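In what follows, every chain begins at residue 1, and chains take the letters A, B, ... in the order their sequences are listed. What you are looking at is a predicted structure, and each value in this text was computed from that prediction instead of being measured.
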Amino acid sequence: MRASQFHISTSKETPADAEIVSHQLMLRAGLIRRLASGLYSWMPMGLRVIRKIEAIVREEMDRAGGVELIMPAIHPAELWQESGRWEKYGPELLRLTDRHDREYCVGPTHEEVITDIARRELRSYRQMPMNFYQIQTKFRDEIRPRFGVMRSREFIMKDAYSFHLSEESLLQTFDDMHTAYCAVFDRVGLEYRPVEADSGSIGGAKSREFHVLAESGEDALAYSTGDDFAANVEKAEAISTATRGAAKSEMVSVDTPKVHTIDQLTKALKIDVTQTIKTLLVKGADTPVVALIIRGDHQLNEIKAEHLDAVLTPLTFADAKDIKAAANCDAGSLGPVGLTIPVIADGDAAAMSDFVCGANVNGKHLQGVNWERDLPEPVIADLRNVVDGDPSPTGKGEIKIVRGIEVGHIFQLGTTYSETMKAAIPDENGDMQNMHMGCYGIGITRTAAAAIEQNNDGKGIIWPDAIAPFTAVISPIHMAKSETVKAAAEALYKTMKDAGVDVLFDDRPLRPGVMFADMELIGIPHRFVVSEKHIANDQLEYKGRRESDAEIISISDALGKLGVSA
RNA sequence: CGGGGUAUGGCGCAGCCUGGUAGCGCACCUGCUUUGGGAGCAGGGGGUCGUAGGUUCGAAUCCUGCUGCCCCGACCA
């Protein structure tokens with residue numbers, strides 16, 4: 001591609017409302033342009049990255065036995081009503097009505113549509129297993145789109161759905177997909193980690209997320225130093241090893257005016273945060289509210305809390321009125337002593353003795369509180385986020401926390417959808433069996449952003465070769481003034497094109513500094529500079545995007561730098 | 001959804017407090033000079049100052065409504 005015939009649109013200035021580096025660089029490099037909140041155009045330079053990621057995903061999906069199709073972006077409401085998700089999915093589902101007053105939604109995911117296809121198309125166990133996939137634009141009406149294409153409303157996703165006669169077959173495909181996903185992210189060239197995850201609203205049994213490791217990631221991941229355990233913090237089991245000490249103190253009430261937070265409490269009473277507990281009231285499934293107890297320094301894991309039978313789904317914190325009704329005080333003075341509502345405590349909180357908590361009287365806290373003696377033994381459940389240094393749930397090593405960007409997620413759905421949508425198939429004996437399903441997603445556009453998040457420097461993006469918009473750039477110095485430079489650059493361009501290199505020929509009549517800065521911002525991994533200086537010796541200058549210095553090489557060695565031959 | 005901020009040329013901003021009819025940098029166009037790390041000089045084009053209303057002789061500026069966008073929050077015990 002000749003730069004003069006392409007569209008390059010770079011900017012020196014960082015857009016004011018872009019927060020994270022990938023968003024800033026995508027805008028500055030002219031990869032994307034914003035149309036409206038959470039809606040982005042992929043400009044020619046950016047689209048090349050998307051196409052390359054798609055190609056890798058497609059190849060690995062095909063290799064793993066996937067079969068590509070494409071489904072509509074707009075879905076009839078009936079299908080979603082049939083699965084029950086028309087009501088369950090909530091406001092993220094963009095609904096619309098056509099001229100005949102029929103209701104539709106813009107597909108945020110395609111379980112309903114594919115299940116409908118499967119129940120019509122798959123009529124014999126002999127056709128199983130089947131793994132359909134598509135690469136397509138999705139829409140989710142996020143409450144708060146941010147970080148550019150990292151969390152946009154419209155985005156490109158590869159979604160695959162597998163159908164099986166048996167659970168064993170599903171497990172096999174799940175493993176195959178795991179392998180395929182690793183192959184994808186290996187090829188894309190990113191540092192990533194597969195982790196155990198909660199399956200969330202989609203439902204189903206087991207799921208695994210693929211995260212690109214990056215400080216700016218929205219997810220916290222826990223891994224073990226002792227073995228290969230890795231899980232999203234949402235999912236990672238907190239192990240309580242503490243044993244309760246004997247009660248040493250009497251329970252006393254102390255005045256704590258204006259103390260509403262754990263931080264204020266530890267300062268006011270000059271105690272360690274690990275002697276305190278937090279009491280959180282949430283709406284209950286059978287009672288108006290339920291009390292959840294965790295140690296003062298721990299954080300409630302909302303996913304774990306939501307999984308408790310006693311807790312209303314979705315998890316909803318009690319409002320001031322509910323709190324007043326249950327404990328006759330404000331939120332800052334809550335404690336478990338004397339409560340008549342269900343009390344569920346995290347393992348570590350239940351193992352405490354002589355602890356401090358709110359007195360359920362505004363401006364008062366209780367010290368020296370002990371389970372059993374001062375209040376009933378609580379129901380014990382895992383309620384908190386794991387923290388750095390926790391023992392690994394596998395019993396080997398301890399937990400470390402890193403941050404990641406979720407770029408892939410694979411689920412075992414089981415028969416959730418096939419049951420509600422009646423997708424059954426006769427087995428060898430002619431008995432109808434609900435299909436077992438799996439689903440597997442990769443955020444194509446998010447992967448591009450994650451790649452930048454992980455690979456950039458002060459000058460701009462540093463694309464991994466596999467997904468760079470162009471693998472190499474030829475930068476001729478003052479080509480307009482030098483026939484020899486022009487001839488040599490043209491010749492090199494032809495050689496590279498003929499060898500199948502995805503090369504950009506920067507034939508724009510620009511000063512060298514401008515060309516270099518542009519290409520470094522855009523992040524082209526390999527640069528070949530053709531100039532009068534070296535041309536007499538049949539040489540040119542090569543520089544890798546990550547390297548600080550250029551090297552002088554023979555023109556005939558240029559292709560070798562890219563690992564290709566003519 | 002709650003709170004905060006913001007809206008001025010394609011982009012980034014100043015002007016607003018103290019009302020007098022719009023300016024800077026980048027980008028763009030023309031010319032000359034320059035030419036291996038985002039050139040210099042000269043000239044030029046482009047803005048109903050988000051929108052609707054109000055106050056005023058006069059509104060980018062003051063007031064009100066609306067809308068867009070951004071940030072924070074939705075973990076507080």
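- Taking the ring centroids of Phe470(A) and Trp463(A), they lie at or beyond the 6.0 Å cut-off.
- Comparing U8(B) with G25(B), their C1' atoms sit 15 Å apart, to the nearest whole Å.
- Rounded to a whole Å, the CG atom of Asp297(A) is 15 Å from the C1' atom of A77(B).
- At a threshold of 4.0 angstrom between heavy atoms, the contacts of Thr261(A) are confined to the sugar-phosphate backbone, with no base atom among them.
- To the nearest whole angstrom, the two P atoms, one in C57(B) and one in C1(B), are 41 Å apart.
- Side-chain atoms of Arg34(A) and base atoms of G10(B) include no donor and acceptor less than 3.5 Å apart.
- Atom pair Leu269(A):CG and A77(B):C1' shows a separation of 14 Å (rounding to whole Å applied).
- When the P atom is compared between C66(B) and A27(B), the two are found 41 Å apart, to the nearest whole Å.
- Classification of Asp457(A) and Arg545(A) as a salt-bridged pair holds, one side-chain N sitting under 4.0 Å from a carboxylate O.
- A centroid separation of 6.0 Å or more is found between the aromatic rings of Phe528(A) and Tyr493(A).
- The side chain of Glu13(A) lies closest to C26(B) when the candidates are G37(B), C26(B), A39(B).
- Ile143(A) comes within contact range of at least one nucleobase, with a heavy-atom separation under 4.0 Å.
- A salt bridge links Glu551(A) to Lys561(A): at least one charged side-chain nitrogen sits closer than 4.0 Å to a carboxylate oxygen.
- Salt-bridge annotation for Lys304(A) and Glu234(A): absent, with no side-chain N of the basic residue lying under 4.0 Å from a carboxylate O of the acidic one.
- Contact annotation for Asp330(A): no contact, since no heavy-atom pair falls under 4.0 Å across all strands.
- Remark: the separation of the C1' atoms in U56(B) and G20(B) is 12 Å, to the nearest Å.
- Ranking C1(B), U35(B), A77(B) by closeness to the Lys481(A) side chain, first place goes to U35(B).
- When Watson-Crick and G-U wobble pairs are counted only if both distances are under 3.5 Å, U6(B) pairs with G68(B).
- At the heavy-atom level, Arg508(A) lies nowhere under 4.0 Å from the strands shown.
- C13(B) sits 13 Å from U6(B) when the C1' atoms are compared, rounded to a whole Å.
- Using a 4.0 Å cut-off between a side-chain N of Lys or Arg and a carboxylate O of Asp or Glu, Lys459(A) and Asp518(A) do not qualify as a salt bridge.
- Using a 4.0 Å heavy-atom criterion, one finds that Glu19(A) contacts the sugar-phosphate atoms exclusively.
- Distance noted for atom C1' between C24(B) and C69(B): 24 Å (whole Å).
- Nearest to the side chain of Ala517(A), among C71(B), G37(B), A77(B), sits G37(B).
- Searching all strands for a Watson-Crick or G-U wobble partner of U55(B) with both distances below 3.5 Å returns nothing.
- Nearest nucleotide to the Asn385(A) side chain, out of C75(B), C71(B), C1(B): C75(B).
- Paired with Met26(A) under the rule side-chain contact (heavy atoms from CB on, under 4.5 Å), one option of Val21(A), Leu31(A), Val49(A) passes, and it is Leu31(A).
- Pair check for G73(B) finds C1(B); Watson-Crick or G-U wobble, both atom distances under 3.5 Å.
- Note: CD1 (Ile20(A)) to P (C71(B)) measures 10 Å, nearest angstrom.
- Rounded to whole angstrom, the span from the NE2 atom of His365(A) across to the C1' atom of C76(B) amounts to 12 Å.
- Remark on RNA chain B: of its neighbouring residues Gly38(A) and Val529(A), the 5'-side contact belongs to Val529(A), judged by nearest-heavy-atom nucleotide.
- Applying the Watson-Crick and G-U wobble criteria (two distances, each under 3.5 Å), C28(B) pairs with G44(B).
- Residue His260(A) is classed as a sugar-phosphate contact, given heavy-atom separations below 4.0 Å to backbone atoms only.
- Of the C1' atoms belonging to U18(B) and G65(B), the separation is 26 Å, rounded to the nearest Å.
- Between Ser37(A) and the phosphate of C70(B), there is a side-chain N or O to OP1/OP2 separation shorter than 4.0 Å.
- Checked against A77(B), A39(B), G37(B), the side chain of Val514(A) finds its nearest nucleotide in A39(B).
- Taking atom CD of Glu142(A) as the reference point, atom C1' of C69(B) lies 17 Å away to the nearest angstrom.
- Looking at Thr256(A), its side chain never comes within 3.5 Å of a backbone N or O of Val259(A) through a donor-acceptor pair.
- One interatomic measurement links the two molecules: CZ of Arg146(A) to P of C69(B), which rounds to 15 Å at whole-angstrom precision.
- Here Ile323(A) lies in heavy-atom contact (under 4.0 Å) with a base.
- Ranking C75(B), G37(B), G38(B) by closeness to the Glu302(A) side chain, first place goes to C75(B).
- Considering only side-chain N and O atoms, Arg511(A) lies under 4.0 angstrom from the phosphate OP1 or OP2 of A39(B).
- Nearest-nucleotide positions on RNA chain B for Gly358(A) and Glu532(A) put Glu532(A) closer to the 5' end.
- The side chain of Glu520(A) lies closest to G37(B), out of A77(B), C26(B), G37(B).
- If you measure from atom CZ of Arg28(A) to atom P of G12(B), you get 13 Å, rounded to the nearest angstrom.
- Taking atom C1' on both A7(B) and C49(B), the two are 9 Å apart, rounded to the nearest angstrom.
- Atom CG in Asp263(A) sits about 9 Å away from atom P in A77(B), given to the nearest Å.
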